[in-house]
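All remarks here apply to the structure that follows.
Read the numbers this way: they start at 1 and go in the same order the structure lists the ligands and their atoms. No hydrogens, no waters, no symmetry mates; every other heavy atom, side chains included, goes into these values.
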Amino acid sequence: MAKQILVTGGTGYIGSHTVVELQERGFDVVIVDNLSNSQIEVLDNIEKITGIRPAFEQFDLSERDLTDAFFKKYSDIAAIIHFAAFKAVGESVQKPLEYYRNNMGSLMNLLECMNKYQVPHMVFSSSCTVYGQPDVLPVTEQTPRKEAESPYGNTKAICEDIMRDYCKANEAINCIALRYFNPIGAHPTALIGELPVGVPNNLVPFITQTAAGLRDELSIFGDDYDTEDGTAIRDYINVVDLAKAHVVAIDRMLNGKSKDNYEYFNVGTGSGYSVMQLVKAFIKVTGVNLNYKIVDRRAGDIEKIWADTTYGNNELGWKAEKTLEETLASAWAWEKNVRGLK
Ligand code: UFG
């Protein structure tokens with residue numbers, strides 16, 4: 001019988017792509033999502049891609065009783081991939097308690113249920129934000145973490161610590177934290193992708209919305225950084241590549257390959273691109289003109305970061321495969337599909 005995987009936040013951006021990869025690998029998926037930042041129609045589009053509609057339960061995982069009742073009902077779950085969390089850096093500064101309560105509360109409820117209902121494995125969405133501005137680049141898993149720049153970033157660091165401590169106390173529990181760099185792009189079918197509510201905070205949705213005519217121009221935050229063209233550098237990873245890393249992490253745990261019952265990996269491409277390089281690549285790949293202007297730096301932004309992926313590549317046997325060009329083209333195809341453009 002197919003193994004059942006619980007995907008929390010499975011109608012969200014990275015979650016929905018991971019559901020597709022899991023189903024294509026023959027896993028049976030149940031999604032839990034409160035739809036606070038995603039739409040139920042995502043299920044239709046997952047079904048269009050894979051031919052299978054995942055089971056779905058709508059509730060808030062920070063509610064302990066509801067989480068417990070869920071595990072009573074679904075007694076065959078083999079592993080969890082936990083995406084569900086608040087993720088807006090700026091909003092977390094305004095509403096820190098909401099962020100701590102939601103992001104840590106839901107993780108703790110899940111960990112408790114893992115023990116109670118004997119679900120041993122969890123993959124957790126962490127972030128390269130835990131490294132802050134590293135002193136040495138690229139960052140390896142050994143690079144020291146730095147104090148978080150925002151309550152959002154702090155929830156990721158604290159959640160990692162909670163898992164580490166819980167795994168130490170419970171030998172039967174096995175967790176892997178994946179530290180994502182910057183996920184971008186969309187599924188090659190253009191049926192699922194990133195759909196931010198309101199004005200996008202992140203670079204690529206802002207670019208595609210500007211290209212689609214929803215925004216007048218892109219603001220590039222700062223061109224006086226210590227980089228070749230003065231704009232900030234990130235490691236942009238294709239969301240499908242990232243989704244596949246989760247499937248590989250699940251396999252590692254289900255096959256008993258983990259070296260420790262708490263592990264963490266960088267998930268990036270190993271290459272950094274500046275904002276300006278990304279903008280120019282987008283224009284070149286899509287042939288669409290993009291209005292942009294240089295403005296002041298954005299508060300809290302780091303100058304540059306990219307991953308050393310050697311450890312993850314070797315241990316997981318996984319590597320990001322898609323090119324930046326292919327990924328930007330997929331982001332544009334998705335935006336056009338959402339807006340009904342040709
Ligand atoms: N940028 C612009 N203009 C925009 C938006 C972004 O110039 O309109 C620049 C930013 O200043 C930054 C780069 O594009 O230099 C990438 O910005 P994003 O907002 O897309 O991504 P960040 O690296 O700031 O943040 C992302 C995630 C966070 C996570 C962080 C580190 O959104 O959740 O990576 O892991 F915390």
Side-chain angles (χ1 to χ4, degrees), residues 9 12-14 37 83 85-93 99 103 124-134 137-139 143 145-160 177-185 194 196-211 214-239 242 264-269 272-282 290-307 324 327-328 331:
Y13 174 43
I14 308 171
N37 194 28
F83 293 104
F86 292 158
K87 62 165 190 176
V89 176
E91 185 186 59
S92 78
V93 177
Y99 272 67
N103 291 7
F124 176 76
S125 299
S126 190
S127 166
C128 70
T129 195
V130 299
Y131 297 117
Q133 176 59 67
L137 286 166
V139 287
T143 299
R145 289 185 347 191
K146 286 200 171 164
E147 198 174 324
E149 290 278 350
S150 68
Y152 157 75
N154 206 22
T155 68
K156 292 297 173 191
I158 296 171
C159 283
E160 285 194 354
L178 297 180
R179 292 174 174 168
Y180 313 154
F181 284 68
N182 288 53
I184 61 165
E194 190 171 9
V197 177
V199 182
N201 291 311
N202 296 114
L203 179 60
V204 170
F206 205 103
I207 288 178
T208 55
Q209 288 197 7
T210 307
L214 272 80
R215 316 271 157 217
D216 290 338
E217 63 184 348
L218 167 74
S219 294
I220 295 179
F221 299 135
D223 69 348
D224 56 353
Y225 286 110
D226 182 20
T227 63
E228 212 158 286
D229 61 28
T231 63
I233 294 177
R234 298 287 184 275
D235 183 336
Y236 295 95
I237 173 157
N238 183 289
V239 67
L242 175 58
Y264 48 92
F265 297 96
N266 287 342
V267 187
T269 67
Y273 288 92
S274 73
V275 176
M276 193 57 91
Q277 281 176 319
L278 196 113
V279 166
K280 287 192 172 147
F282 180 84
L290 192 74
N291 296 323
Y292 62 85
K293 64 173 178 209
I294 309 288
V295 300
D296 285 349
R297 293 180 179 192
R298 181 170 69 179
D301 269 350
I302 60 159
E303 181 169 87
K304 51 188 162 190
I305 188 164
W306 62 95
L324 183 70
T327 302
L328 290 172

Heavy-atom pairs closer than 4.0 Å: do any link ligand 1 to the side chain of [X], the backbone, both, or neither?
{"X": "Asn201", "result": "backbone"}
{"X": "Tyr236", "result": "side chain"}
{"X": "Asn202", "result": "both"}
{"X": "Asn182", "result": "side chain"}
{"X": "Pro200", "result": "neither"}
{"X": "Arg297", "result": "neither"}
{"X": "Leu203", "result": "both"}
{"X": "Phe181", "result": "neither"}

Give the atoms of ligand 1, by number and element, whose distance to some non-hydrogen atom of [X] is under 4.0 Å.
{"X": "Val275", "answer": "7 (O), 9 (C), 13 (C), 14 (O), 15 (O)"}
{"X": "Ser219", "answer": "2 (C), 3 (N), 4 (C), 7 (O), 8 (O)"}
{"X": "Thr129", "answer": "31 (C), 35 (O), 36 (F)"}
{"X": "Ile220", "answer": "7 (O)"}
{"X": "Ala232", "answer": "15 (O)"}

Out of [options], whose heavy atom sits nearest [atom]?
{"atom": "atom 35 (O) of ligand 1", "options": "Gly222, Ser127, Gly90", "answer": "Ser127"}
{"atom": "atom 11 (O) of ligand 1", "options": "Leu218, Thr210, Asp301", "answer": "Asp301"}
{"atom": "atom 28 (C) of ligand 1", "options": "Tyr152, Tyr131, Tyr273", "answer": "Tyr152"}

- prompt: How are the rings of Tyr152 and Tyr99 set relative to one another: parallel (under 30°), tilted (30 to 60°) or perpendicular (over 60°)?
  reply: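 Rings of Tyr152 and Tyr99: perpendicular, over 60°.
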task: Would you mind telling me which of Thr327, Thr269, Leu324 makes a side-chain contact (heavy atoms from CB on, under 4.5 Å) with Tyr236?
output: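 Output: one option passes, namely Leu324.
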field: Name of the residue among Thr231, Thr227, Ile207, Asp223 meeting side-chain contact (heavy atoms from CB on, under 4.5 Å) with Val275
entry: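 That would be Thr231; it is the only one of Thr231, Thr227, Ile207, Asp223 passing the side-chain contact (heavy atoms from CB on, under 4.5 Å) with Val275.
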query: Side chains of Asn202 and Tyr13: is there a donor and an acceptor less than 3.5 Å apart?
result: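 The answer is no; no qualifying pair exists.
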Which residue and non-hydrogen atom of the protein lie closest to [atom], and at what distance in Å?
{"atom": "atom 2 (C) of ligand 1", "value": "Phe221 CD1, 3.3 Å"}
{"atom": "atom 23 (O) of ligand 1", "value": "Arg234 NE, 2.6 Å"}
{"atom": "atom 17 (O) of ligand 1", "value": "Arg298 NH2, 3.5 Å"}

- request: Tell me, with the steps shown, if Glu160 and Arg179 meet side-chain contact (heavy atoms from CB on, under 4.5 Å).
  value: CA-CA 10 Å; Glu160 285 194 354; Arg179 292 174 174 168; 2.7 Å; yes
Heavy-atom side-chain proximity of [X] to [Y] below 4.5 angstrom:
{"X": "Asn266", "Y": "Tyr131", "result": "yes"}
{"X": "Glu149", "Y": "Asp301", "result": "no"}
{"X": "Asn37", "Y": "Val197", "result": "yes"}

message: Using modelled atom types and a 3.5 Å cut-off, is there a donor and acceptor pairing between side-chain atoms of Asn182 and backbone atoms of Arg234?
response: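 Flag not set: sc Asn182 to bb Arg234 has no pair under 3.5 Å.
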- request: Work out whether the distance between some heavy atom of Gly153 and some atom of ligand 1 is less than 4.0 Å.
  value: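 In this structure, Gly153 fails to qualify as a contact of ligand 1 - no heavy atom is under 4.0 Å.
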message: Tell me whether Asp224 at atom CG has more than 12 heavy atoms from other residues, nucleotides or ligands lying less than 6.0 Å away.
response: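 Result for CG/Asp224: enclosed.
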task: Enter the distance from Lys293:NZ to Asp216:CG here, rounded to the nearest 0.5 Å.
output: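 Between Lys293 NZ and Asp216 CG, I get 9.0 Å after rounding to 0.5 Å.
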task: Any chance you could lay out the side-chain hydrogen bond (donor to acceptor under 3.5 Å, both in side chains) test for Tyr180 and Ser125, step after step, and finish with the verdict?
output: CA-CA 7 Å; Tyr180 313 154; Ser125 299; 2.8 Å; yes
